[in-house]
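Have a look at the structure below before the remarks.
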Number of protein chains: 2
Amino acid sequence: MPSERNSRVSRVDRDAIVATALRILDDFGLADVSMRRLASELGVQPSALYWHVSNKQELLAAVADQIVPPAPVLLGEDLSAASVARRLRSALLTHRDGAEVVLSTYALSLGTSPAAAALQAALRPAVAAELRPTVAAAVLQFVLGNASVLQQRLTAVRFGALSGDEQVMTAASDAEFRVGLDALLAGVTRRADPPTARS
Amino acid sequence: MPSERNSRVSRVDRDAIVATALRILDDFGLADVSMRRLASELGVQPSALYWHVSNKQELLAAVADQIVPPAPVLLGEDLSAASVARRLRSALLTHRDGAEVVLSTYALSLGTSPAAAALQAALRPAVAAELRPTVAAAVLQFVLGNASVLQQRLTAVRFGALSGDEQVMTAASDAEFRVGLDALLAGVTRRADPPTARS
DNA sequence: ACCTGAACACCGTTCAAGT
DNA sequence: ACCTGAACACCGTTCAAGT
């Protein structure tokens, strides 16, 4: 049967390329995610990758899609904007240079991303409809800025370009995130309906 | 006189290298700021640059220093935190990929940057002393995130990777910045000195 | 349909050697 | 003191040619 699928399985496919890219990202950082490195880990010539992805930028966009969870996962159970922002930040911090990958390749479609959708849904009771996309974008930008700065510092420490304790730096960033997020959401929902307790 | 200065002026010096790097950044973007490109524009071999700067990262840090204005300029006349943030954002947007340059090379010393100093000074009446560095960092991260996302979009549009109007995108980012900054500062200074009505 | 081989036009950085 | 020349170990991408 000539039209049978799997009659001759290919050495690599798109998913394998994306998965390997994500693994290199986690283990060595964005600087080591090169088409040539990727190809050699997959046991294939660099030019072979271009049958499956059109270029590196498109590949990194697919990696970004893997980093950012779908909207339902971001929303979780409590459906609050604060928890969406926290979950997004955790997802970015889970992968080395995750914030930079998302910021630099995902920025184009940030407005239509699962992160934006989840945030807008969570903002629904507190923020007027026509202001929701703007507020969601602002929150997203704060999360990305906070995570990017932290990961930039962690990378600098790991490369010996900066002295500092990773744990201390992470704790400081956590505090900056909490303070900033609380203020941002309080400022935006200050005409809130029920008296909410801080977490 | 053997010890006379200027007896034989060198072809390039550190300032000329930094100035040329900033010019290439403005005209062509960060991707075009390479040591080889820099050298050829200065009429010198690439290896010559390494007499004046230790590596590319250090060079980009010097470029970042040129992008971020000194604290007195950021503070201006009104001395408000909002205007410091606005002036910093303007400075970042003045140079192509300015936010990325500052975010990626300046992040190490962000806490001791003129931007942080100016912000902390502006926050002085409204925010308690021990919380000021944290709040200043959060504001900085929002400014960097907002400017980075906008410039990433502008770059994508210029390279034809995304359809969109630069003016429209800039206007949207401006609105997101205003809303986010207002909320952030309102949320942070809500326990202001005069008796405020609370809910 | 999928991959190889070879090439093109680049990178950052080092280091002996020149002046 | 400052720069050249040459090299090393890399990049992303294209494209004819193979199977």
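Note on naming: letters A, B, ... go to the chains in the order of the sequence lines (proteins, then strands), and numbering restarts at 1 for each one.
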message = In this structure, which stretches of DNA chain D are paired as stems of three or more consecutive Watson-Crick or G-U pairs, both distances less than 3.5 Å?
response = C:4-8 with D:12-16, C:12-16 with D:4-8
ask   = If two hydrophobic side chains count as joined below 4.5 Å and joins carry through other members, does B:V68 share a cluster with B:V73?
value = no
request  = Flag yes if B:F28 and B:V18 sit in one hydrophobic cluster, no otherwise; membership is Ile, Leu, Val, Met, Phe, Trp, Tyr, and two members link when side-chain heavy atoms are under 4.5 Å apart.
outcome  = yes
key: Positions of residues 99-107 of chain B (non-hydrogen atom under 4.0 Å from DNA chain C), listed by number   = none
ask   = CD of A:E58 versus P of D:dG12: gap in Å, rounded?
value = 15 Å
ask   = Which residues satisfy the side-chain contact (heavy atoms from CB on, under 4.5 Å) test with B:R87, sequence neighbours excluded?
value = B:L74, B:D78, B:S83
task = In whole angstrom, give the distance that lies between atom CD1 of A:I17 and atom C1' of C:dC2.
result = 11 Å
query = Can you name the salt bridge (charged side-chain N to carboxylate O under 4.0 Å, His left out) partners of A:R89, sequence neighbours left out?
reply = A:D174
ask   = Taking only residues two or more places apart in sequence or in another chain, which ones pass salt bridge (charged side-chain N to carboxylate O under 4.0 Å, His left out) with B:R124?
value = none
key: Euclidean distance for C1', C:dA17 against D:dC2 (whole angstrom)   = 13 Å
key: Closest heavy-atom pair and its distance - B:A85, B:V143   = CB-CG2, 4.0 Å
key: Side chain proximity check, A:V139 to A:L185, heavy atoms < 4.5 angstrom   = yes
Salt bridge (charged side-chain N to carboxylate O under 4.0 Å, His left out) against B:D13, all qualifying residues, sequence neighbours excluded = none
inquiry  = Enumerate the salt bridge (charged side-chain N to carboxylate O under 4.0 Å, His left out) contacts for residues 32-49 of chain A, please, sequence neighbours excluded, ordered by first and then second residue.
reply    = A:R23-A:E41, A:D32-A:R37, A:R37-A:E41
Polar atoms only, N or O, under 3.5 Å: list the protein pairs with nucleotides 16-19 of chain D and their distances.
none

remark   = By salt bridge (charged side-chain N to carboxylate O under 4.0 Å, His left out), A:R132 pairs with (sequence neighbours left out) none
task = Would you indicate whether the side-chain heavy atoms of B:L154 and B:T170 approach each other to under 4.5 Å?
result = yes
message = Can you check the distance between D:dA9 and C:dC10, where both ends of the measurement are the P atom (answer in whole Å)?
response = 22 Å
Counting only pairs under 3.5 Å, give me each side-chain donor-acceptor contact of residues 45-53 of chain B, with atom names and distances, residues two or more places apart or in other chains.
residue	atom	partner	partner atom	Å
B:H52	NE2	B:V12	O	3.3

remark   = Per the under-4.0 Å heavy-atom filter, residues of residues 30-56 of chain A near DNA chain C come out as A:R36, A:V44, A:Q45, A:S47, A:A48, A:W51, A:H52
request  = For residues 45-60 of chain B, pull every pair meeting salt bridge (charged side-chain N to carboxylate O under 4.0 Å, His left out), keeping only residues two or more places apart or in separate chains.
outcome  = B:R14-B:E58
